[in-house]
Amino acid sequence: MQRINPLPFAMALTTALTLAGCGGDAMGVPRAARSAAEPVDRSIARYLDRTLPAGPGGTVVAARGGELAHCKGFGLADRTARTPATCDTVYDVMSITKQFTAAAIMKLELMGRLRTTDRISTVLGPVPADKRGITLHHLLTHTAGLAEGLGDDYEPVSRDAMLDKALKSKLLSRPGAEFHYSNTGFSVLAAIVEKVSGTSYERFLATHLFAPAGMTRTGYVLPEFSRAQVAVEYDENGTSQGRPFDHPWAADGPYWYLRGNGGMLSTGRDMFKWHRALLGDTILNAAAKAGMFEPHARIPGTEAAYGYGWGVLKTKDGRVAWHNGGNDWSFASYSRILRDGTMVYWVTNQASQAGRWNLEERELEMNQALADRARDND
């Protein structure tokens, strides 16, 4: 199940921004030793060398504005083939997918094809009485009242069958009243992208988001990934769970309980390109981005809120946008400090080892440390 864990990450960002500017741990050591292929920030590399446990593979990316400061793999992407993880290893980014879906809706609004204030019936036609008040804004902010999920991520469900079940499901609260994190809502948004654009969800993203950003290694099936490029995922016992597309997928990507809310494949380098595109108006103009990063809905039990496909946290250093994602095996975390353009992204193909370590639990520490080092220009 794709998920976000907002409280620990909100705390991590608060701490990181409080301590930012305190410097790295290597006085007198040059900040970075860069190559064209994989830039390496030595302070980040030294921190990771002493922090990461033996076993997992993954990639860590850090940027200062439009500069890629660090993009380097650790461990193995495939233990059987002994393939090292790199900046260009392909991973499932899990719930980070939601920001792509949200950006697609914002793009369609810029194109004059819809408005976030539209009720879903404007696109989907007649809906049950209890769903008539649901707007695209509600779906984007997890306030529609829809359940988190309708079934297993890999259940072979079509778009129309997913929509039918979602519209017949019992609401957890009336539209707009409460925050309930909902993968279902983002699958409905992906279906709306298709209905409004007249093309497939992935094709719309590829044409209107990924291509303008220079992201050639992000998608479900259109990038035509080779197996060797995609990381194998491992459970807490170190047992291989295969690659994302080794689970039941349709010919054009995940089935519809996962499509639009998770399952997108990407590389660390492409996730940097996504950040860089969001710094300017390559994809969305300033007004659209302001709407996406507005703290629209408070996340219960935290000081954070939800924008459109992003968690949002106000700090003394300004607004931070973030999202994380996880399944039973992998974990990823992505954050952007909006004022100064710092970006941190890391992903691992094994989130934990039973009784020994859990990288998801160390998200607070890692995001603090990576943010400190990424922002340090000394």
Side-chain angles (χ1 to χ4, degrees), residues 4 6 9-10 13 63 65-66 93-118 120 134-144 176 179 181-183 185-190 192-193 196-197 201 204-205 207-210 212-213 215 218 260-262 264 266 270-299 304-315 318-325 333-345:
I4 187 171
F9 195 56
L13 288 172
V93 303
M94 297 162 282
S95 276
I96 294 171
T97 302
K98 291 179 175 66
Q99 61 194 247
F100 300 139
T101 303
I105 294 293
M106 302 305 286
K107 189 67 166 181
L108 285 166
E109 184 170 52
L110 288 176
M111 296 165 69
R113 305 292 297 277
L114 53 71
R115 296 175 298 176
T116 57
T117 54
D118 288 342
I120 60 173
I134 296 177
T135 66
L136 303 187
H137 171 86
H138 294 145
L139 295 175
L140 288 163
T141 58
H142 299 291
T143 58
F179 179 96
Y181 187 77
S182 177
N183 291 308
F186 273 77
S187 290
V188 172
L189 285 168
I192 288 171
V193 169
V196 172
S197 69
Y201 166 76
F204 184 87
L205 267 59
T207 301
H208 296 282
L209 304 183
F210 301 153
M215 298 165 65
T218 302
N261 71 72
M264 193 66 66
S266 189
D270 260 22
M271 294 303 287
F272 162 71
K273 291 178 180 178
W274 176 242
H275 160 73
R276 186 176 61 189
L278 290 173
L279 291 174
D281 58 2
T282 301
I283 301 168
L284 301 173
N285 65 20
K289 289 185 294 182
M292 192 160 64
F293 298 129
E294 181 72 19
H296 294 291
R298 182 73 176 267
I299 301 174
Y306 207 85
Y308 289 167
W310 295 80
V312 182
L313 180 69
K314 290 183 179 180
T315 74
R319 192 170 293 169
V320 177
W322 93 93
H323 217 292
N324 60 18
S333 183
Y334 191 62
S335 65
R336 303 180 65 243
I337 301 172
L338 301 182
R339 178 179 293 176
D340 65 12
T342 298
M343 182 273 279
V344 168
Y345 167 73

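Bear in mind that the values here come from a model prediction, so they are computed numbers and not experimental data.
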(message) Can you see whether H323 engages Y334 through a side-chain donor-acceptor pair at a distance of less than 3.5 angstrom?
(response) no
(message) If the test is side-chain contact (heavy atoms from CB on, under 4.5 Å), which one of Q99, H137, E294, K289 qualifies with Y308?
(response) H137
(message) Please find the pair of heavy atoms, one from G185 and one from S182, that lie closest to each other, and give the distance.
(response) N-OG, 2.9 Å
(request) Drop me the distance from I283's CD1 to F210's CZ, to the nearest 0.5 angstrom. (result) 8.5 Å
(message) When you compare the side chain of L278 with that of R336, does any pair of heavy atoms fall below 4.5 Å?
(response) yes
(message) How close do A297 and T143 get, counting heavy atoms only, and between which atoms?
(response) CB-CG2, 3.7 Å
(request) Can you see which heavy atom on A144 is nearest to which on L139, and at what distance? (result) CB-CD2, 3.8 Å
(message) Tell me whether R276 contacts the main-chain N or O of G66 through its side chain, where contact means a donor paired with an acceptor under 3.5 Å.
(response) no
(request) List the steps, then state whether side-chain contact (heavy atoms from CB on, under 4.5 Å) holds for I192 with L136. (result) CA-CA 9 Å; I192 288 171; L136 303 187; 3.5 Å; yes
(message) For W274 and T218: C-alpha separation, side-chain torsions, deciding distance, then whether side-chain contact (heavy atoms from CB on, under 4.5 Å) applies.
(response) CA-CA 10 Å; W274 176 242; T218 302; over 6 Å; no
(message) Is any side-chain heavy atom of V320 closer than 4.5 Å to one of V312?
(response) no
(message) Is any side-chain heavy atom of M215 closer than 4.5 Å to one of L209?
(response) no
(request) Assign the ring pair H142 / F186 to parallel, tilted or perpendicular, where the plane angle (0 to 90°) is split at 30° and 60°. (result) tilted
(request) Give the intermediate values and the outcome of side-chain contact (heavy atoms from CB on, under 4.5 Å) for residues S95 and N183. (result) CA-CA 8 Å; S95 276; N183 291 308; 4.2 Å; yes
(message) For a quick test of reading the model, state the closest non-hydrogen atom pair linking G65 to F272 and the distance between them.
(response) O-CE1, 4.3 Å
(request) Enter the distance from L108:CG to T116:OG1 here, rounded to the nearest 0.5 Å. (result) 12.0 Å
(request) Calculate, to the nearest 0.5 Å, the distance between atoms NZ and CG belonging to K107 and L205 respectively. (result) 11.5 Å
(request) Evaluate side-chain contact (heavy atoms from CB on, under 4.5 Å) for T135 paired with D118, printing each intermediate quantity in order. (result) CA-CA 5 Å; T135 66; D118 288 342; over 6 Å; no
(message) Do M94 and M264 have side chains that approach each other closer than 4.5 Å (heavy atoms only, starting at C-beta)?
(response) no
(request) If the plane angle is over 60° it's perpendicular, under 30° parallel, otherwise tilted; pick one for W310 and F293. (result) perpendicular
(message) Rounded at 0.5 Å granularity, tell me how far OG in S333 sits from CD1 in I96.
(response) 6.5 Å
(message) Let me confirm one number: the OG-CG distance from S197 to L114, rounded to the nearest 0.5 Å.
(response) 9.5 Å
(message) Looking at K98 and N261, would you say the former's side chain and the latter's main chain have a donor-acceptor pair under 3.5 Å?
(response) yes
(request) Please round to the nearest 0.5 Å and tell me the distance separating atom CE of M343 and atom CG of L338. (result) 13.0 Å
(message) Checking side-chain polar atoms at under 3.5 Å, does T101 have a donor or acceptor matched by the opposite partner on Y201?
(response) yes
(message) Quick check: do P295 and K314 have side-chain heavy atoms less than 4.5 Å from each other?
(response) yes
(message) Taking the ring of H296 and the ring of Y306, is the distance between their centroids below 6.0 Å?
(response) no
(message) Please find the pair of heavy atoms, one from S266 and one from V93, that lie closest to each other, and give the distance.
(response) CB-CG1, 3.9 Å
(request) Compute the ring centroids of H275 and Y345, then answer whether they are less than 6.0 Å apart. (result) no
(message) Tell me the closest heavy-atom pair linking L110 and A288, and the distance in Å.
(response) CD1-CB, 4.1 Å
